[in-house]
Amino acid sequence: MHDALFTAVSAVCVTGLTTVSTAVHWSFAGQLVMLIGTFMGGLGILTLASIFSLAVSRKLGVRGKLMAQNSMNTNAASALGEVGSLLRIVILTAVSLQALIAALLIPRFILLGEDFLSAIWHGVFYAVSAFNNAGFTPHSDGLVPYETDLWILGPLMLGVFLGSLGFPVIMVLLAHRFNVKKWNLHTKLTILVTLILLVAGTALWLLVEWNNPRTIGSLNSGDKFIHGLFASVMTRSGGFNLVDQNDIGQVTVLVTDALMFAGGGSASTAGGIKVTTIAVMFLAIMAEVRGERDAKAFGRRIPEGTMRVAVSVVAMGATLVMVATGLLLAIDEQVGFSRALFESISAFGTVGLSMGVSAEMPPAGKYVLSALMFAGRIGSITLASALTMRHRDTLFSLPEERPIIG
């Protein structure tokens with residue numbers, strides 16, 4: 001029961017953590033259930049988060065539609081005033097992108113000697129798993145046999161990257177391509193921070209692991225770069241891995257923890273606290289350092305309410321991870337703090353990278369991680385949308401007094 005529940009939650013929450021081997025333990029029917037759960041979980045959260053993000057609920061009336069128009073930064077946004085239209089566009093876009101990834105993978109699997117039906121199954125499975133940032137693999141040895149095959153790794157990285165951007169960003173890119181001047185603030189911040197984390201993650205991973213004989217030390221420079229880029233893309237929510245996470249150095253573990261906690265874009269299939277949350281926090285810090293009243297970016301002012309939501313999301317995420325790590329250690333102290341923290345952040349960020357803690361834990365530990373995956377998947381979206389949509393006018397102001405900070 002605990003393995004079945006854990007796998008179901010991991011699939012629906014598009015996490016990718018497993019307690020048993022997906023290829024060995026589950027039959028084709030079981031894998032099909034996982035695939036459907038992953039597809040529906042990613043699509044359901046994507047559409048729900050997109051509706052919250054674009055604020056097109058009829059309950060918001062004209063104000064909500066104006067917010068949607070501003071979010072899309074295009075006159076076509078008026079067509080998104082109806083929830084049904086938005087749902088159709090989200091579903092069509094998501095299915096089309098997953099079909100594209102599958103179409104890129106299937107021919108390669110055929111060329112590698114798989115029969116036609118197996119190639120189709122594996123191509124579709126990997127496409128759904130990649131775009132939804134799940135990280136499930138239908139092969140018993142995972143992606144290790146393809147660790148230098150860009151025909152396999154390239155589409156997987158593309159799927160994870162696109163899925164992690166979020167539907168609002170994808171819509172803006174489809175409408176305006178690379179005309180940056182027409183991008184809205186959310187798109188600019190998401191892409192900028194995503195690229196910074198991608199480059200920084202790749203550089204740090206390669207710097208620490210370059211001479212590690214247990215990971216990439218024996219590979220040539222080109223293959224090492226592929227590993228570093230792949231790891232950087234996957235640590236923020238993808239969950240696929242080419243090396244055993246128990247073999248990476250402690251500094252790499254710390255970098256991976258940070259990237260997993262950061263996650264991907266808002267209203268996306270990725271988890272974590274979201275890159276826009278990081279951007280808003282950084283902008284608030286920079287404004288404080290400069291002595292400025294308002295946080296600004298790209299000629300726009302960030303509302304104070306948005307900064308409060310960002311602080312709330314970070315605090316909620318850190319609290320969930322801390323509590324879950326403590327519970328795992330209480331259940332089994334032998335697991336060690338570093339591994340327990342790694343698994344907790346991976347579960348909260350719906351990443352799927354594992355040091356084997358999920359499989360080693362007794363049923364109680366698996367239930368803790370299941371609850372954390374669920375909370376991590378819907379928690380930040382629920383909290384952010386609730387705080388954003390809640391508005392109460394105050395007719396008076398209390399006297400101001402500053403406590404000592406720092």
Side-chain angles (χ1 to χ4, degrees), residues 15-17 133 135 142-144 147 153 156-157 160-161 164-165 190-219 221 223-265 268 270-279 281-282 285 313-314 317-318 320-322 324-325 328 335-358 372 376:
T15 304
L17 284 175
N133 282 221
L143 292 173
V144 175
E147 63 177 347
L153 302 183
L156 292 180
M157 287 190 285
V160 170
F161 183 80
S164 68
L165 288 179
T190 299
I191 292 181
L192 176 61
V193 179
T194 296
L195 292 177
I196 291 175
L197 292 178
L198 179 63
V199 173
T202 302
L204 290 173
W205 201 93
L206 288 174
L207 179 65
V208 179
E209 296 297 318
W210 191 267
N211 294 316
N212 186 347
R214 295 177 299 174
T215 54
I216 63 173
S218 60
L219 302 178
S221 299
D223 292 339
K224 288 180 178 180
F225 178 78
I226 293 175
H227 272 255
L229 179 61
F230 189 86
S232 182
V233 173
M234 298 304 162
T235 49
R236 287 192 308 107
S237 194
F240 293 110
N241 64 285
L242 299 176
V243 298
D244 189 334
Q245 299 304 299
N246 289 295
D247 292 335
I248 60 178
Q250 286 301 302
V251 176
T252 310
V253 171
L254 180 62
V255 172
T256 304
D257 285 343
L259 291 175
M260 290 193 300
F261 190 73
S268 73
I273 61 172
K274 312 301 183 186
V275 294
T276 44
T277 303
I278 297 173
M281 293 289 291
F282 176 78
I285 293 173
V313 169
V314 173
L320 287 174
V321 169
M322 179 183 66
T325 302
L328 292 181
V335 72
F337 174 76
S338 178
R339 297 177 71 220
L341 178 63
F342 187 96
E343 208 81 5
S344 296
I345 296 177
S346 182
F348 166 76
T350 67
V351 180
L353 293 177
S354 177
M355 287 187 165
V357 175
S358 297
L372 183 58

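The residues of the chain are indexed from 1 along the displayed sequence.
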Any side-chain to backbone donor/acceptor pair from [X] onto [Y]? Under 3.5 Å, distance only.
X      : Y      : result
Glu209 : Gly249 : yes
Arg236 : Met260 : no
Glu343 : Met355 : yes
Ser237 : Gly271 : yes
Thr235 : Ser232 : yes
Gln245 : Val243 : yes
Ser344 : Ala340 : yes
Ser346 : Phe342 : no

Please list, chain by chain and in numerical order, all residues satisfying side chain to side chain donor-acceptor pair (under 3.5 Å) with Thr256, sequence neighbours excluded. none
Just verifying a value: how many Å separate [X] [atom1] and [Y] [atom2], rounded to the nearest 0.5 Å?
X      : Y      : atom1 : atom2 : result
Thr215 : Leu242 : OG1   : CG    : 11.0 Å
Leu341 : Thr325 : CG    : OG1   : 4.5 Å
Thr202 : Ile226 : OG1   : CD1   : 12.0 Å
Thr190 : Ile278 : OG1   : CD1   : 11.0 Å

So, using side chain to side chain contact (heavy atoms under 4.5 Å, CB included) as the criterion, who are the partners of Leu219 when residues are at least two apart? Ile216, Asp223, Lys224, His227
